[in-house]
K.L.:
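Once you've had a glance at the structure underneath, I'll fire off some questions.
Note that these values count all heavy atoms, side chains included, but never hydrogens, waters or copies made by symmetry. Naming: A, B, ... by sequence-line order, numbering from 1 per chain.
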Protein chains: 2
Amino acid sequence: MTLRNKELSKNQKIVLDYIQKCKKPVKAYSILSNVNKKGLKAPPQVYRALDKLIEIGEVHKIESQNSYIACNSTCTSPQGTIFSICKSCDKTDEISDAKLFKFLSEVKDMNGLSLSGYNLELFGTCSNCKD
Amino acid sequence: MTLRNKELSKNQKIVLDYIQKCKKPVKAYSILSNVNKKGLKAPPQVYRALDKLIEIGEVHKIESQNSYIACNSTCTSPQGTIFSICKSCDKTDEISDAKLFKFLSEVKDMNGLSLSGYNLELFGTCSNCKD
DNA sequence: ATTATTATGTTATAATATAACGCTATACTC
DNA sequence: GAGTATAGCGTTATATTATAACATAATAAT
Ligand SMILES: [Zn+2]
Ligand SMILES: [Zn+2]
Ligand SMILES: [Zn+2]
Ligand SMILES: [Zn+2]
């Protein structure tokens, strides 16, 4: 049983289900208010679920937006993530460009740093907003 | 007169001076308490200065840490930033690897996104912490 | 000089995230 | 299966990060 397929707890399932239904990244307090009817009443319940889901790679945090998005399953490891983010409409996609992954993963001993992970956020305008 | 060399206001100078003195990224409220004696008394004064300094490229935000660091002057544009971050001691360096810059800047029309900027945060262990 | 723009000082509040505590469920191990 | 370790839950309170709003002052542009 991989980390990823590990049995999730009740709250973890509820939070993951909700995030997966969302097209766009969602904020923690928005998750909270949307799963309120499922019994989650306070921030720690959401944040604890998020911590676990992020740890096992089912969810990623979009750092520049303080928001959370479900992994699209194409990322090979939770340690390396790449996102394209539309500054106009917030459309956000996890990118699985092999060349980019390879390039970043091969950044060895950059500045004396022995690399264990990375996060790349690409900003721009999506095709829908371009017109 | 370039954007970068523009005359700064009093509060902007105070905040930039302080950030430049710091070896590591600093938090907004830490800046606030450290420039208190210079007359900045409330968060908006710091955040407004930060907004401007970030806009002109003198300061960058380390998104994963909610902290701020002075530009080391090697980055060509405020729109593309790369940092190496030690997870053990928070040592953070702005990286100016030409190949990496070039590679990222050439990510054209990734996922339909027309790129206007990016931020890459590399995590790992610095040489001091490696032992 | 008039006007537009930018910055300031201040109070209050919003938004994001964690500490701490007592309790419960589950897994492990002997 | 009893004992014990680990992970999760529910709850209250609080810490941390950031912005809204408003009145005033300084600076730049016409
Ligand atoms: Zn992923
Ligand atoms: Zn868009
Ligand atoms: Zn820079
Ligand atoms: Zn270190």
Side-chain angles (χ1 to χ4, degrees), chain A residues 1-19 22 24-69 90 92 119 121, chain B residues 1-19 22 24-69 90 92 119 121:
Chain A
M1 186 124 78
T2 71
L3 197 58
R4 194 71 173 264
N5 296 321
K6 200 165 170 292
E7 206 62 35
L8 295 175
S9 76
K10 171 177 145 274
N11 287 0
Q12 290 159 13
K13 268 182 207 137
I14 290 170
V15 169
L16 179 57
D17 278 356
Y18 177 69
I19 296 177
C22 298
K24 289 185 184 175
V26 273
K27 304 255 178 183
Y29 277 71
S30 164
I31 296 170
L32 179 57
S33 65
N34 278 283
V35 299
N36 183 272
K37 50 194 162 230
K38 301 263 184 184
L40 284 80
K41 305 292 184 194
Q45 295 174 294
V46 169
Y47 281 106
R48 285 191 293 227
L50 284 173
D51 285 347
K52 188 61 171 201
L53 294 168
I54 289 169
E55 184 193 345
I56 66 176
E58 288 285 0
V59 167
H60 303 301
K61 182 175 185 182
I62 309 296
E63 295 286 358
S64 62
Q65 327 281 5
N66 297 318
S67 62
Y68 304 87
I69 193 170
D90 290 330
T92 298
N119 180 51
E121 301 185 1
Chain B
M1 186 126 76
T2 71
L3 196 60
R4 193 70 173 267
N5 298 321
K6 201 165 166 293
E7 208 62 35
L8 296 176
S9 77
K10 171 180 145 268
N11 287 359
Q12 290 158 12
K13 269 182 206 137
I14 291 170
V15 169
L16 179 57
D17 277 356
Y18 177 69
I19 297 177
C22 298
K24 290 184 183 175
V26 274
K27 304 257 179 181
Y29 276 72
S30 165
I31 297 170
L32 178 57
S33 64
N34 278 283
V35 298
N36 183 273
K37 49 195 164 232
K38 301 263 186 184
L40 284 80
K41 305 292 185 195
Q45 295 175 293
V46 168
Y47 280 106
R48 287 190 292 225
L50 284 173
D51 286 347
K52 189 61 172 199
L53 294 168
I54 289 169
E55 185 193 345
I56 66 177
E58 287 287 359
V59 166
H60 304 302
K61 181 175 185 183
I62 309 296
E63 295 287 359
S64 62
Q65 326 280 4
N66 296 318
S67 62
Y68 304 86
I69 193 170
D90 290 329
T92 299
N119 180 52
E121 300 186 0

K.L.:
Would you mind reading off the distance between Ile62(A) atom CD1 and dT16(C) atom C1', rounded to a whole angstrom?
P.N.:
16 Å

K.L.:
Is Tyr29(B) stacked on the base of dT16(D), meaning ring centres closer than 5.5 Å and planes within 30 degrees of each other?
P.N.:
no

K.L.:
Would you mind reading off the distance between Leu40(A) atom CG and dC9(D) atom P, rounded to a whole angstrom?
P.N.:
8 Å

K.L.:
Just N and O in the side chain of Asn66(A): are any of them under 4.0 Å from OP1 or OP2 of dA18(D)?
P.N.:
no

K.L.:
Is there a donor-acceptor pair closer than 3.5 Å between any side-chain N or O of Thr92(A) and the backbone N or O of Asp90(A)?
P.N.:
yes

K.L.:
In whole angstroms, how far is the C1' atom of dA18(D) from the CD1 atom of Ile31(B)?
P.N.:
13 Å

K.L.:
Please indicate yes or no: is the ring centre of Tyr47(B) less than 5.5 Å from the centre of the six-membered base ring of dT19(D), with the two planes inclined by under 30 degrees?
P.N.:
no

K.L.:
Does a nitrogen or oxygen in the side chain of Lys52(B) sit under 4.0 Å from OP1 or OP2 of dT8(C)?
P.N.:
no

K.L.:
For dA18(D) and Lys61(B) - does any side-chain N or O of the residue sit under 4.0 Å from the phosphate oxygens OP1/OP2?
P.N.:
yes

K.L.:
Is there side-chain contact between Leu53(A) and Leu8(A), with heavy atoms separated by less than 4.5 Å?
P.N.:
yes

K.L.:
Could you tell me whether the side chain of Lys61(B) reaches within less than 4.5 Å of the side chain of Glu63(A), counting heavy atoms only?
P.N.:
no

K.L.:
Does Ser9(B) place a side-chain N or O at less than 4.0 Å from the phosphate oxygens OP1/OP2 of dT8(C)?
P.N.:
yes

K.L.:
In whole angstrom, give the distance that lies between atom CG of Asp51(B) and atom P of dT6(C).
P.N.:
14 Å

K.L.:
In this structure, how many angstroms lie between the P atom of dT16(D) and the OH atom of Tyr68(B), rounded?
P.N.:
15 Å

K.L.:
Relative to the 5' end of DNA chain C, which residue comes earlier, Gln12(B) or Ala42(B), by the nucleotide with the nearest heavy atom?
P.N.:
Gln12(B)

K.L.:
Can you measure Asn11(A) atom CG to dT11(D) atom P for me and round it to whole angstrom units?
P.N.:
11 Å

K.L.:
Roughly how far apart are Ile14(A) CD1 and Ile19(A) CD1, rounded to 0.5 Å?
P.N.:
12.0 Å

K.L.:
Is there a side-chain contact between Tyr68(A) and Ile62(A) in this structure, where contact means two heavy atoms from C-beta onward sitting under 4.5 Å apart?
P.N.:
no

K.L.:
Quickly work out the Arg48(B) CZ to dA20(D) P distance and round it to whole Å.
P.N.:
12 Å

K.L.:
Between Lys27(A) and Pro43(B), name the one whose nearest nucleotide on DNA chain C is closer to the 5' end.
P.N.:
Pro43(B)

K.L.:
Reckon Gln45(A) has a side-chain N or O less than 4.0 Å from the OP1 or OP2 of dT11(D)?
P.N.:
no

K.L.:
Using atom CD of Glu63(B) as one end and atom C1' of dA17(C) as the other, report the distance to the nearest whole Å.
P.N.:
16 Å

